Amino acid sequence: EDPALLEAFEARVAADEFIEPKDWMPEAYRKTLVRQISQHAHSEIVGMLPEGNWITRAPSLRRKAVLLAKVQDEAGHGLYLYCAAETLGTSRDQMTEALLAGKAKYSTIFNYPTLTWADMGAIGWLVDGAAIMNQVPLQRTSYGPYARAMVKVCKEESFHQRQGYEIMTVLAGGTPEQKAMAQDALDRWWWPSLMMFGPPDDNSPNTAQSMRWRIKRDTNDALRQKFVDITVPQAEFLGLSVPDPDLAWNADKQGYDFGAIDWDEFYAVVRGEGPVAKERMAARRQAWQDGAWVREAADAHAAKRAARIAA
Ligand code: ACO
């Protein structure tokens with residue numbers, strides 16, 4: 001790679017300028033972006049499944065309409081992100097094939113089952129809450145199309161977080177059975193939500209370079225800490241307890257100390273051994289096969305149009 005081009009690129013990144021699709025960029029920068037954006041897109045799409053599971057069982061028409069809208073938003077997020085990745089020279093087919101072949105990852109969080117209605121509350125509050133914590137800084141990521149996609153995504157995620165917290169408020173203030181259901185959901189989703197931020201900084205192979213390129217604006221541990229600090233008082237407000245006996249306010253750092261995360265569980269889920277990983281991949285594979293006729297029809301239409309224009 002031409003050192004002068006590399007130097008100019010690095011200077012632009014350092015000056016917080018956006019890099020755009022037709023600009024020169026190092027191949028490794030392009031590759032990192034395709035990896036992160038495509039995995040982010042897959043997470044949004046696979047992320048429709050745990051909540052989609054409850055649309056037909058929502059407890060009222062209002063709850064159903066809200067959940068339906070939320071799940072549709074996630075589909076939209078996946079599509080903006082696939083479009084952002086396509087500007088880097090990869091195709092939707094290539095990205096999907098990488099997911100189905102097990103080469104591209106998606107977030108560990110979506111490999112856990114949704115057992116009760118309270119899980120819809122816990123997911124909105126904790127999972128979407130963690131997603132916002134990670135995505136707000138990505139509005140200033142150095143690649144323009146990714147940063148701009150994040151703006152709309154973050155607005156919608158903040159509605160998702162609030163609707164989840166509102167479900168938790170109603171359940172936590174309801175009958176003893178409802179409150180127990182809310183507590184059980186918090187117990188099951190707390191630790192997987194902390195794992196969403198990725199491995200600890202000293203074991204995160206991509207962080208240092210991604211921070212230098214300003215693809216990532218904060219490290220995994222910094223965002224995880226911020227999430228804990230914001231979320232613990234919210235649990236207290238609900239009258240629910242965070243399932244961590246080591247959780248304690250640390251006045252020196254003005255933040256919470258928290259217990260050890262089970263990284264063995266995290267890596268097992270990353271390897272595809274999550275509780276419902278097989279069901280998630282089977283659902284995506286089925287959807288891809290079921291949609292084959294649509295892709296073929298679109299190709300046939302495009303070919304016909306091209307032939308007509310050429311004639
Ligand atoms: N689930 C699955 N894989 C993960 C997770 C996770 N929670 N956290 C880290 N990994 C993977 C990384 O993708 C990487 O593998 P790869 O090199 O094959 O891609 C490996 O573990 C090592 O991690 P890091 O070096 O820390 O990787 P990275 O710098 O990419 O940081 C992070 C991971 C924080 C997830 C980053 O990619 C990111 O910010 N992505 C955008 C946000 C996103 O994808 N959110 C999805 C969930 S939110 C939602 O969809 C609602």
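Here the structure is a predicted model, which means the values were calculated and not measured. Numbering of ligands and ligand atoms starts at 1, following listing order. In this chain, residues are counted from 1 in sequence order.
- At distances below 3.5 Å, not a single donor-acceptor pair connects side-chain atoms of K304 with backbone N or O atoms of A307.
- Here the side chain of D229 pairs no donor or acceptor atom with the backbone of G255 at under 3.5 angstrom.
- When each atom of ligand 1 is checked for a heavy atom of F266 under 4.0 Å away, the hits are 5 (C), 6 (C), 7 (N), 8 (N), 9 (C).
- Between E74 and ligand 1, no pair of N/O atoms sits closer than 3.5 Å.
- The protein atom (non-hydrogen) at minimum distance from atom 20 (C) of ligand 1 is N206 ND2, 4.4 Å.
- Side chains of M195 and V269 form no contact here, defined as non-hydrogen atoms less than 4.5 Å apart.
- Looking only at heavy atoms of the protein, atom 35 (C) of ligand 1 is closest to M196 O, 4.3 Å.
- Less than 4.0 angstrom separates some heavy atom of N134 from each of these atoms of ligand 1: 34 (C), 38 (C), 39 (O), 41 (C), 42 (C).
- The ligand atoms of ligand 1 that sit less than 4.0 angstrom from a heavy atom of A131 are 48 (S), 51 (C).
- Taking each of S43, S107, P199 in turn, the one with a heavy atom nearest to atom 21 (O) of ligand 1 proves to be P199.
- The option with the heavy atom closest to atom 31 (O) of ligand 1, from among Q209, K216, H40, is K216.
- Within ligand 1, counting atoms from 1 as listed, the ones closer than 4.0 Å to a heavy atom of Y106 are 1 (N), 2 (C).
- Close contacts between ligand 1 and M195 involve ligand atoms 7 (N) [criterion: under 4.0 Å to a heavy atom].
- Which parts of ligand 1 touch Q39 is read off a 4.0 Å heavy-atom cut-off, strictly below it: atoms 13 (O), 19 (O).
- Of the possible donor and acceptor atoms, one in the side chain of T114 sits under 3.5 Å from a partner among the backbone N and O of P50.
- Contact between G47 and ligand 1 is absent, with no heavy atom of the residue lying under 4.0 Å from the ligand.
- For atom 1 (N) of ligand 1, the closest heavy atom belonging to the protein is T108 N, 2.9 Å.
- Atom 43 (C) of ligand 1 is approached by the protein to below 4.0 angstrom, counting heavy atoms only.
- Side chains of H160 and I132 form no contact here, defined as non-hydrogen atoms less than 4.5 Å apart.
- Ligand 1 has no nitrogen or oxygen under 3.5 angstrom from a nitrogen or oxygen of E157.
- Between the side chains of Y146 and Q36, at least one donor N or O lies within less than 3.5 Å of an accepting N or O.
- Heavy-atom contacts of G198 reach the following atoms of ligand 1: 8 (N), 9 (C) (cutoff under 4.0 Å).
- Alongside W293, the hydrophobic cluster contains V294 (criterion: ILVMFWY side chains under 4.5 Å).
- Side-chain contact of D221 with Q225: a donor-acceptor pair under 3.5 Å is absent, judged by distance alone.
- Side-chain N or O atoms of E1 include one that pairs as donor or acceptor with a backbone N or O of E27 at under 3.5 Å.
- Scanning all protein heavy atoms for the shortest distance to atom 19 (O) of ligand 1 gives R35 NH1, 2.8 Å.
- For atom 38 (C) of ligand 1, the closest non-hydrogen atom of the protein is Q36 NE2, 3.5 Å.
- Those atoms of ligand 1 that come under 4.0 Å of a heavy atom in Y146, given as number and element, are 41 (C).
- Between P205 and ligand 1, an N or O atom pair is found at a separation short of 3.5 Å.
- A cation-pi arrangement is not found for R285 relative to W288, the charged atom failing to lie both closer than 6.0 Å to the ring centre and inside a 45° cone about the ring normal.
- Closest to atom 26 (O) of ligand 1, if we only count protein heavy atoms, is S204 OG, 2.7 Å.
- Heavy-atom distances between S210 and ligand 1 stay at or above 4.0 Å for every pair.
- The ring-ring contact (aromatic ring centres under 6.0 Å, His included) search around W24 returns none, not counting sequence neighbours.
- In this structure, atom 16 (P) of ligand 1 lies nearest to the protein heavy atom K105 NZ, 3.5 Å.
- A perpendicular orientation is assigned to the rings of W263 and F266, their planes being inclined by more than 60° (bins at 30° and 60°).
- Side-chain atoms of W125 do not come within 3.5 Å of backbone N or O of L186 as any donor-acceptor pair.
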